[in-house]
Amino acid sequence: MKKLAILGATGSIGDSTLSVCRSNPGLYQITLLAASSSVDKMFALCREFTPLYVSMSCKIAAEKLRSLLKVDNLSCHVLDDEQALLQLLASDYVDSVMAAIVGAAGLKTTLAAVDAGKEVFLANKEALVMSGALFIDAVKKSGAKLWPVDSEHNAIYQALSPKLQDTIGACDLSGEGVSKILLTGSGGPFLEKPLAEFSAITPAQAVKHPNWSMGKKISIDSATMMNKGLEYIEARWLFNATKEQLQIIIHPQSVIHSMVQYKDGSVIAQMGNPNMRIPIAYVLGGEQRIESGIDSLDFFAAPDFSFSAPDFDRYPCLKLAIDACFEGQQSTTILNAANEIAVEAFLNQSIKFTQISQLVERVLNQYQSAAIESVEHLLEIDSQARLSASDIIKRDYLC
Ligand code: NAD
Ligand code: MG
């Protein structure tokens, strides 16, 4: 049995991963679960899956969990130290890692798994967006096996030839006859909303995605379509795609999860009900298809499919991300950092929905784009951009 670590175990992707594990007992031994502070949820998971190790990034939460486990006589070892977690990820206790911590907080652990040459199931798109070439170089150097979990990238991966699948991060798309990667996106909850009403959008409205059930941050990113922008950058790195090889298509029904267009005019699409357990089952199964627990599509009950080009007036975040993608690594790091601060501020009702893109653009405009040489340099740029975004909020946006 392979040994699986689930990072972000208490979140939406964590839930779906554990659900697929339940449907396929005997496939993985869960040796490590990591999260931030949801003690009760983690305690329930410890009782059910008895991992050898648990990591809580919040020390108070770790202490509470230790007390609960003691009362129940459970022997999971609880870590609360990042260095210990990074070492554990590189150890023989772990073969495969579901990287599903949200945001930049997942960068170090995802990179640790990559550096150690583990099998990495990549949900944490922000880690790749912010570290781009450094991340891909680390994959090449260590020989880590990278599997895309994001439904679009998973769909694209499924539609590629085995040769391209084996060279993820360094794909020769045109050499294998690929003319375009067609990245689909639903357009989120505000596809039809009059633009004049955008500044009054509330967090409660924005987190309600019409087709997918997800964590709060990615739900807001889906409403602004920054999520599709991050996915555009993610696709650039995973599939070594040029600007000409990437196209975004609005497909509100979320049935086609993305497509690959070949030079002979063929288009291969991957379809399914919009549920993350399907791509997660694909990556956990590896070479073989396993149960996801999700029904297949019912084509007679499926909605009519429609397609359109994205409107950048409606989705300015998408335009910012596309522009940043080929500007230089610093731009995508700043874009991601400023967006994380903006989304948090919007969720706390400190800024308006329309100020998310304004804030990201203002922070991007403060810096000249440049190459990033190391992870330390990357983290420095990330912190600077966060400070700049917080300063603008305090100075210009807070009422
Ligand atoms: P979520 O908010 O539901 O869960 C986040 C998880 O990360 C939680 O377990 C939380 O405890 C953990 N976490 C946060 N900060 C941490 C820290 N500092 N240290 C350790 N753990 C920490 O988020 P989600 O929707 O599950 O998304 C997770 C990642 O997967 C994101 O990068 C997202 O973009 C990506 N993703 C999600 C979906 C989806 O359907 N939810 C789809 C595609 C990609
Ligand atoms: Mg996605």
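Ligands are counted one by one from 1 in listed order, and the atoms in each one are counted from 1 as well.
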Would Gly215 count as being in polar contact with ligand 1, using the rule that some N or O on each side must be under 3.5 angstrom apart? yes
Below 4.0 angstrom from a heavy atom of Ala123, which ligand 1 atoms are there? Numbered from 1 as shown, please. 30 (O), 32 (O), 35 (C), 36 (N), 44 (C)
Distance from atom 28 (C) of ligand 1 to nearest protein heavy atom, with residue and atom: Ala100 O, 3.3 Å
Mark up the atoms of ligand 1 that fall under 4.0 Å of a heavy atom belonging to Met214, in ascending order. 39 (C), 40 (O), 41 (N)
Run the numbers for me: atoms of ligand 1, each under 4.0 Å from some heavy atom of Glu126, listed by number. 31 (C), 32 (O), 34 (O)
The atom of Glu231 among N, O or S that is nearest the Mg ion (ligand 2) is OE2
More than 12 foreign heavy atoms under 6.0 Å from NZ of Lys263: is that the case here? no
Can you name the N, O or S atom of Glu152 that is closest to the Mg ion (ligand 2)? OE1
Report yes or no: do Asn348 and Ser350 form a side-chain donor-acceptor pair below 3.5 Å? no
Below 4.0 angstrom from a heavy atom of Ser57, which ligand 1 atoms are there? Numbered from 1 as shown, please. 17 (C), 18 (N), 19 (N), 20 (C)
Give the residue and atom name of whichever protein heavy atom lies nearest to atom 43 (C) of ligand 1, and the separation in Å to one decimal. Asp150 OD1, 3.0 Å
Is the shortest distance from a heavy atom of Ser38 to ligand 1 less than 4.0 Å? no
Check whether the side chains of Asn339 and Asp221 place a donor and an acceptor atom closer than 3.5 Å, and report yes or no. yes
Note: Ala61 and Met56 closest approach over all heavy atoms is CB-CE, 4.0 Å
shortest atom 36 (N) of ligand 1-to-protein heavy-atom contact is with Ile218 CD1, 3.7 Å
Show, in sequence, the C-alpha distance, side-chain angles and deciding distance for Lys41 and Asp15, and conclude whether the salt bridge (Lys or Arg N to Asp or Glu O under 4.0 Å) test is met. CA-CA 10 Å; Lys41 195 158 180 184; Asp15 280 347; 3.0 Å; yes
Top protein contact for atom 27 (O) of ligand 1, by heavy-atom distance: Ile13 CG1, 4.2 Å
Taking atom 5 (C) of ligand 1 as the reference point, the nearest protein heavy atom with its distance: Val102 CG1, 3.7 Å
Polar proximity ligand 1 side, Gly11 side, N/O cut 3.5 Å exclusive: yes
May I have the step-by-step check of salt bridge (Lys or Arg N to Asp or Glu O under 4.0 Å) for Lys141 and Asp137, ending in yes or no? CA-CA 6 Å; Lys141 198 167 155 200; Asp137 286 348; over 6 Å; no
Identify the heavy atoms of Ala9 and Leu33 that sit nearest to each other, and give their distance. CB-CD2, 3.8 Å
Return the residue, atom name and 0.1 Å-rounded distance of the protein heavy atom closest to atom 11 (O) of ligand 1. Ser36 N, 2.9 Å
Of all heavy-atom pairs between Ala241 and Gln245, which one has the smallest distance, and what is that distance? CA-OE1, 3.5 Å
May I ask you to identify the nearest protein heavy atom to atom 34 (O) of ligand 1, giving residue, atom name and distance to one decimal place in Å? Lys125 CE, 3.2 Å
Compute the shortest N/O to N/O distance between Ser12 and ligand 1 and return yes if it is under 3.5 Å, no if not. yes
Return yes when Lys217 approaches ligand 1 closer than 4.0 angstrom through a heavy atom, no otherwise. no
Parallel under 30°, tilted from 30 to 60°, perpendicular over 60°: which one fits the rings of Phe307 and His251? parallel
From the candidates Ser213, Ala35, Ser222, the one that places a heavy atom nearest atom 20 (C) of ligand 1: Ala35
Mind listing the closest non-hydrogen atom pair of Ala206 and Phe346 along with its distance? CB-CE2, 3.8 Å
Do Gln253 and Ser306 pass the side chain to side chain donor-acceptor pair (under 3.5 Å) test, and can you show the C-alpha distance, the side-chain angles, and the key distance before you say yes or no? CA-CA 7 Å; Gln253 298 77 24; Ser306 57; 2.9 Å; yes
Ala9: heavy atom below 4.0 Å from ligand 1, yes or no? yes
Answer with yes or no whether the side chains of Ser23 and Glu291 bring together a donor and an acceptor at under 3.5 Å. no
Near Ala105 (heavy-atom distance under 4.0 Å), the atoms of ligand 1 are 18 (N)
Enumerate the atoms of ligand 1 whose separation from the nearest heavy atom of Gly8 is less than 4.0 angstrom. 6 (C), 7 (O), 9 (O), 12 (C)
Restricting to N, O or S atoms of Asp150, which is nearest to the Mg ion (ligand 2)? OD1
Can you report which non-hydrogen protein atom sits closest to atom 9 (O) of ligand 1, along with the distance? Thr10 OG1, 2.7 Å
Test log, rule side chain to side chain donor-acceptor pair (under 3.5 Å), inputs Ser254 and His209: CA-CA 11 Å; Ser254 300; His209 196 278; 5.6 Å; no
Minimum heavy-atom distance Lys193-Phe198, with the two atoms named: O-CE1, 3.5 Å
